[in-house]
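Here is the structure we will look at.
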Amino acid sequence: MRAAVLEAVKKITIRTDVPEPAIGPRDVLVRSKACGLCGTDVHIFEGDFFPTFPLIPGHELAGEVVAVGDEVTDLAPGDRVMVDPTVTCEECHFCMINRQNHCLHWNAVGVTRDGGFAELVRVPAKNCYRFERVSFSEAAFCEPLACVVFGQDRARIEIGSEILVIGAGPIGQLHLQASRANGAASVTVVDVMESKLDLAKRLGAAHVVRADADQEASLRKIAKYGFDVVIDATGSARVLQDSIKYVKSGGKYLVFGVCGPTETVSLSPFEIYRRDLEIIGSFAIRRTYDRAFKLMEAGVIDVKPLLHEAIPIEDLARGLELMKTGKAPMKLQVVW
Ligand SMILES: [Zn+2]
Ligand SMILES: [Zn+2]
């Protein structure tokens with residue numbers, strides 16, 4: 001079969017001779033139809049984390065079931081499914097206390113085991129969610145949305161909150177919509193790109209602000225005392241360090257964008273203490289796939305305007321480069 005194989009750090013090869021994966025009794029074989037590229041893929045490509053080579057990346061996957069294992073009763077060939085990439089053991093301490101994203105044997109399709117940038121993918125049946133009404137491209141968007149839903153849970157957004165989202169790429173636009181669905185009184189969005197800010201306006205941002213020298217003055221005009229929740233959707237350590245000041249005293253900062261594992265920031269412990277700040281992390285997905293899908297299916301969150309370009313598998317390296325250099329205005333997906 002055809003697949004994009006990461007053979008080593010920064011070395012991706014499109015091969016046509018990759019053997020079809022064999023499935024176990026509780027697995028299904030999925031024919032990939034759409035698989036999104038994300039910042040995590042860039043980190044994997046750069047060797048930042050989980051480098052076990054060779055690896056077929058791709059963790060934002062939707063496709064069609066072509067075969068099911070002997071013990072699978074709820075899925076059948078022909079079913080359209082989206083795939084929660086998180087593979088957990090359900091036996092360790094963290095699984096038992098419902099923190100499955102910290103499973104001691106955590107794996108993820110397309111991150112630590114072969115994923116969706118291949119014609120066929122082996123996934124556990126329990127990771128598949130059947131769908132009908134949305135397209136494969138929308139369904140593949142359920143993965144980042146499930147991450148965003150978990151992040152929103154972590155931030156415990158209260159009705160009537162004023163929210164600041166920094167970064168208006170696909171993740172920022174999802175947080176904008178999710179914050180509104182969570183009852184935010186207003187969502188302000190910051191980005192460097194005018195086109196992304198225009199989209200944020202269309203998707204319900206109360207205010208949009210260009211990230212430039214006037215940014216602080218503009219944000220202070222919108223929220224004199226700061227915002228109840230600030231969400232970083234850039235994955236830039238510098239942005240994080242510079243934007244803690246926009247959290248209202250007693251408010252929260254959600255670290256959502258993924259920085260490199262060796263990056264650090266300098267924070268004032270006195271400020272965190274004196275201003276009652278909460279700094280909150282949010283890693284991947286924790287049982288949020290079903291709710292994410294319902295939000296999408298019900299039209300509460302619209303992912304269609306966030307799709308930028310469908311690319312063939314042969315263009316994966318180009319796509320990753322666009323992501324890395326910030327030139328991909330919105331979500332790129334490999335489609336088959
Ligand atoms: Zn992702
Ligand atoms: Zn576990």
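Start at 1 with the first residue, then count along the sequence. Counting convention: from 1, in listed order, for ligands and their atoms alike.
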- Task: Establish, yes or no, whether the cationic atom of Lys324 lies under 6.0 Å from the six-membered ring centre of Phe45 and within 45° of the ring axis.
- Result: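 Checked: cation-pi criterion not met.
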
- Mark yes or no for whether His43, through its side chain, and Val258, through its backbone, hold a donor-acceptor pair below 3.5 Å.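 Side chain of His43 to backbone of Val258: a pair is present.
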
- Query: Are any side-chain N or O atoms of Arg80 and backbone N or O atoms of Glu64, one a donor and one an acceptor, separated by less than 3.5 Å?
  - Reply: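 A pair under 3.5 Å: no.
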
- Task: Look at Asp198 together with Arg202 and state whether they make a salt bridge at an N to O cut-off of under 4.0 Å.
- Result: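 Answer for the salt bridge query: no.
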
- Which residues and atoms, protein N, O or S only, are under 2.8 Å from the Zn ion (ligand 1)?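 Counting only protein N, O or S atoms under 2.8 Å from the Zn ion (ligand 1), the list reads Cys38 SG, His59 NE2, Glu60 OE2.
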
- Item | Within 6.0 Å of CD in Glu90, more than 12 heavy atoms from elsewhere |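 Yes - once you tally the heavy atoms of other residues, nucleotides and ligands closer than 6.0 Å, there are more than 12.
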
- More than 12 foreign heavy atoms under 6.0 Å from CD of Glu71: is that the case here?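 Yes - once you tally the heavy atoms of other residues, nucleotides and ligands closer than 6.0 Å, there are more than 12.
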
- Listing residue and atom name, which protein N/O/S atoms are closer to the Zn ion (ligand 2) than 2.8 Å?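 Hits for the Zn ion (ligand 2) below 2.8 Å: Cys89 SG, Cys92 SG, Cys95 SG, Cys103 SG.
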
- Message: Rounded to the nearest 0.5 Å, what separates atom CG in Asp84 from atom OG1 in Thr288?
- Response: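 If we round to the nearest 0.5 Å, Asp84:CG and Thr288:OG1 are 7.0 Å apart.
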
- Query: Picking from Val247, Ile163, Leu219, what satisfies side-chain contact (heavy atoms from CB on, under 4.5 Å) with Phe227?
  - Reply: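 Testing each of Val247, Ile163, Leu219 against Phe227, the sole residue satisfying side-chain contact (heavy atoms from CB on, under 4.5 Å) is Leu219.
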
- Kindly indicate whether the side chain of Leu295, heavy atoms from C-beta on, has any atom under 4.5 Å from the side chain of Gln177.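 In short, these two side chains do not touch, never coming nearer than 4.5 Å.
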
